[in-house]
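Structure first, then comments.
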There are 4 protein chains.
Amino acid sequence: MFKIDQRSSIPIYQQLIQEIKQAILKGILQPGDKLPSVRELSVQLTINPNTIQKSYQELEKQKIIETLRGKGTFVTTHYKPGEDKEKLDRLKENLRNTLVETYYLGLNKDEIMQLVQQLLEELKIGEGKS
Amino acid sequence: MFKIDQRSSIPIYQQLIQEIKQAILKGILQPGDKLPSVRELSVQLTINPNTIQKSYQELEKQKIIETLRGKGTFVTTHYKPGEDKEKLDRLKENLRNTLVETYYLGLNKDEIMQLVQQLLEELKIGEGKS
Amino acid sequence: MFKIDQRSSIPIYQQLIQEIKQAILKGILQPGDKLPSVRELSVQLTINPNTIQKSYQELEKQKIIETLRGKGTFVTTHYKPGEDKEKLDRLKENLRNTLVETYYLGLNKDEIMQLVQQLLEELKIGEGKS
Amino acid sequence: MFKIDQRSSIPIYQQLIQEIKQAILKGILQPGDKLPSVRELSVQLTINPNTIQKSYQELEKQKIIETLRGKGTFVTTHYKPGEDKEKLDRLKENLRNTLVETYYLGLNKDEIMQLVQQLLEELKIGEGKS
DNA sequence: GTGGTCTAGACCACA
DNA sequence: GTGGTCTAGACCACG
């Protein structure tokens, strides 16, 4: 269900967070859907339950999922963005750095814009939803 | 000359690499220009010299700067991007993640595209150069 | 009749205990009044009967309600607080922590005192009764 | 330096968070002060380093402390509350529950108000600071 | 069954 | 030296 690269330098718990967020964006996980239990995912992905836990807790803090005690973890039905200027600044910085690297790799402006477009489509990010 | 945020979660040596790359893109540093010495920068930025050293070494590995023994460190005159599919994949992955986060922060497709455009201009990345 | 938040991190059985205690304080439930049966409440609140049971048992242990076999559960007519230094210490600790959090949220001393006053009035806690 | 009750039902990492917040309020820890390293505290309190970690990370997320990579963890110099209506609601709820319990333990309105006053003074929460 | 917490011990990147 | 991540395995409260 979720792809995790054990060799990646990106922490596993962050990879999982990303995978879940993307699954929600793409509609694979719908609001209200139950997520696999910590133990279940732990077995499926052969990852320690604590690591899964960490991902779930972080997503819960971001109000993207919520847990009903004893019942499991679910995708929240009404996610609302919530202003966070600092986070936006961090993202802009990150984006700036990524663009610089992309350029140094030989892509020109048009190719970069195309890449961004393509990724947005892949993620099913359109104007309609936000 | 370069802005370093000691509090940032991004390693200092990577921040410095980014600052230098951006300075080159913006034309503040021209091919052939001499970079400050390690010791000099170390004092200016109140950063451990080893950290500066690490940045310079990484940039040299990427052929963006070069060291002439006894003379100092200079911006290379002819940088040519080498193919590196792995790195491109990493960048795409990074970009994808950043876009997801941006979207979860409440920006819609148009706003994201605008942001990218704006950053590209800031960095003086145009079609003409690559 | 009682408000339960399934999403809250506070256990449901404790929420119910609180709701009942507050209803008594406010006079909505009078000494001698009959409480809804476990099954009845279970349906109304769509909560597992075991959970309701747990709340009732705890309240009975605290002598706030009592069960008459075959007749139902009732608010006790003469509640008298028993000394319990340990519990008082726990409450003080809890209160201290809450005040710290409130302060870190930006409320100053006056605002905190006002908040406490307001809550006491809401709960109809006055000097006359204890 | 910090008092932890291993037997308490309150998670150790939360106790530690509280202890640190209170130490800052009381002026025992001043803005800019270095906190003990994770390992150091771990030995002092005979608590697992991971548990200390968790406390530090939570405090960092709340912007009460910050870490300079390789140097250690420090009390932030400029803490700014930051609106959080939801958290305030949770605190009010908590406060309400605590007041109910206190009342059921036999304290009357005056005694409760006195208790709150006393705690605020202990914590050195005054009007001047917020 | 569910998630939440904790320990012990390990490895890594950073400065 | 610092903090950040991960695993293995354990115990607990809740429903």
Side-chain angles (χ1 to χ4, degrees), chain A residues 4 6-16 34-42 45-60 65-74, chain B residues 4 6 8-16 42 45-55, chain C residues 4 6 8-16 42 45-55, chain D residues 4 6-16 34-42 45-60 65-74:
Chain A
I4 300 296
Q6 301 260 10
R7 274 173 252 84
S8 165
S9 66
I10 299 169
I12 293 175
Y13 83 97
Q14 282 187 17
Q15 289 184 50
L16 183 53
K34 185 178 181 308
L35 290 161
S37 82
V38 169
R39 286 167 179 75
E40 206 179 321
L41 248 193
S42 161
L45 306 175
T46 57
I47 284 172
N48 189 288
N50 289 335
T51 306
I52 313 276
Q53 257 295 61
K54 195 168 180 180
S55 304
Y56 277 21
Q57 283 184 354
E58 175 60 23
L59 283 167
E60 184 158 17
I65 67 179
E66 62 188 352
T67 107
L68 303 187
R69 276 176 332 303
K71 294 192 177 165
T73 309
F74 302 82
Chain B
I4 300 295
Q6 301 259 12
S8 165
S9 66
I10 300 168
I12 292 174
Y13 84 98
Q14 282 185 17
Q15 289 185 50
L16 183 53
S42 162
L45 305 175
T46 58
I47 283 175
N48 191 307
N50 294 333
T51 307
I52 313 277
Q53 190 63 10
K54 193 166 181 179
S55 305
Chain C
I4 300 295
Q6 301 259 14
S8 165
S9 65
I10 299 169
I12 291 173
Y13 83 98
Q14 282 185 17
Q15 289 184 51
L16 183 53
S42 162
L45 305 176
T46 58
I47 283 174
N48 191 307
N50 294 332
T51 307
I52 313 275
Q53 190 64 9
K54 193 167 181 179
S55 305
Chain D
I4 299 296
Q6 302 261 10
R7 270 172 256 86
S8 166
S9 67
I10 299 169
I12 293 175
Y13 83 98
Q14 281 186 18
Q15 290 184 49
L16 183 53
K34 186 178 182 305
L35 289 161
S37 82
V38 170
R39 287 166 178 76
E40 206 178 323
L41 247 193
S42 161
L45 305 175
T46 58
I47 284 171
N48 189 289
N50 289 335
T51 307
I52 313 279
Q53 257 293 65
K54 195 167 179 181
S55 304
Y56 277 21
Q57 283 183 354
E58 175 61 22
L59 284 166
E60 185 159 15
I65 66 179
E66 62 187 352
T67 108
L68 304 187
R69 276 176 333 301
K71 294 193 177 167
T73 309
F74 302 82

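Residue numbers start from 1 in every chain, and the chains themselves are labelled A, B, ... in the order their sequence lines are given, proteins ahead of strands. Computed from heavy atoms alone, side chains included, the values below leave out hydrogens, waters and symmetry copies.
Contact annotation: A:K54 reaches the phosphate of F:dT5 (side-chain N/O to OP1 or OP2, under 4.0 Å). The shortest distance between the side-chain N/O atoms of A:Q53 and the OP1/OP2 oxygens of E:dG4 is below 4.0 Å. Considering only side-chain N and O atoms, A:Y13 lies under 4.0 angstrom from the phosphate OP1 or OP2 of F:dT5. Between D:R69 and E:dA15, a side-chain N or O to OP1/OP2 separation shorter than 4.0 Å is present. Side-chain N/O atoms of D:Q57 include none lying less than 4.0 angstrom from OP1 or OP2 on F:dG3. Residue D:T67 has no polar side-chain atom (N or O) positioned under 4.0 Å from OP1 or OP2 of F:dG3. Put simply, D:Y56 has no side-chain N or O that comes within less than 4.0 Å of OP1 or OP2 on F:dG3. Taking side-chain N and O atoms only, D:T51 has a distance below 4.0 Å to OP1 or OP2 of E:dT7.
With rounding to whole Å, A:E40 atom CD is found 7 Å from E:dT2 atom P. Note: CG (B:L16) to P (E:dA15) measures 11 Å, nearest angstrom. In this structure, A:K34 atom NZ and F:dG15 atom C1' are separated by 14 Å, rounded to whole Å. The CZ atom of D:R7 sits 17 Å away from the C1' atom of F:dC11 (whole-angstrom rounding). Rounded to an integer number of Å, the gap from D:L45 CG to E:dC6 C1' is 15 Å. Look at CD1 on D:I65: it is 15 Å from P on F:dT2, rounded to the nearest Å. Atom pair A:L68:CG and F:dC14:C1' shows a separation of 12 Å (rounding to whole Å applied). Taking atom CD1 of D:I4 as the reference point, atom C1' of E:dT7 lies 16 Å away to the nearest angstrom.
If you check every strand for non-hydrogen atoms under 4.0 Å, D:T73 touches sugar and phosphate atoms only. Residue-level contact check: C:I47 touches neither bases nor backbone, having no heavy atom under 4.0 Å from any strand. Looking at heavy-atom distances under 4.0 Å, B:I12 makes contact with sugar-phosphate atoms alone, never a base.
Between A:K71 and C:Q6, some side-chain heavy-atom pair lies under the 4.5 Å cut-off. At a threshold of 4.5 Å between non-hydrogen side-chain atoms, the residues D:P49 and D:V38 count as touching. Looking at heavy atoms from C-beta onward, D:L41 lies in side-chain contact with D:L16 at the 4.5 angstrom threshold. Residues D:E60 and D:T67 have side chains in contact (heavy-atom distance under 4.5 Å, counting atoms from C-beta outward). When side chains are defined from C-beta on, A:E58 does not count as touching A:K54, because their heavy atoms never get closer than 4.5 Å. In this structure, D:Y56 and D:P36 have side chains that are in contact, with non-hydrogen atoms separated by less than 4.5 Å.
The nucleotide whose nearest atom lies closest to any side-chain atom of D:R39 is, among F:dT2, E:dC14, F:dT5, F:dT2. You'll find that the side chain of A:E60 is closest to E:dG4, out of F:dC14, E:dG4, E:dC14.
Between the side chain of A:S42 and the backbone N or O of A:I47, at least one donor-acceptor pair lies under 3.5 Å.
Across all strands shown, F:dT7 pairs with E:dA8; the Watson-Crick or G-U wobble distances both stay below 3.5 Å. When both pairing distances are held under 3.5 Å, E:dC14 makes a Watson-Crick or G-U pair with F:dG1.
Remark on DNA chain E: of its neighbouring residues D:Q6 and B:I10, the 5'-side contact belongs to D:Q6, judged by nearest-heavy-atom nucleotide. Map B:Q14 and D:N50 each onto its nearest nucleotide of DNA chain E; the residue landing nearer the 5' end is D:N50. Residue-to-nucleotide proximity on DNA chain F shows that, of D:G72 and A:T46, the 5′-proximal contact is made by D:G72.
At a cut-off of 3.5 angstrom, counting only N and O atoms as typed in the model, there is a donor on one side and an acceptor on the other between the side-chain of D:N48 and the base of E:dA8.
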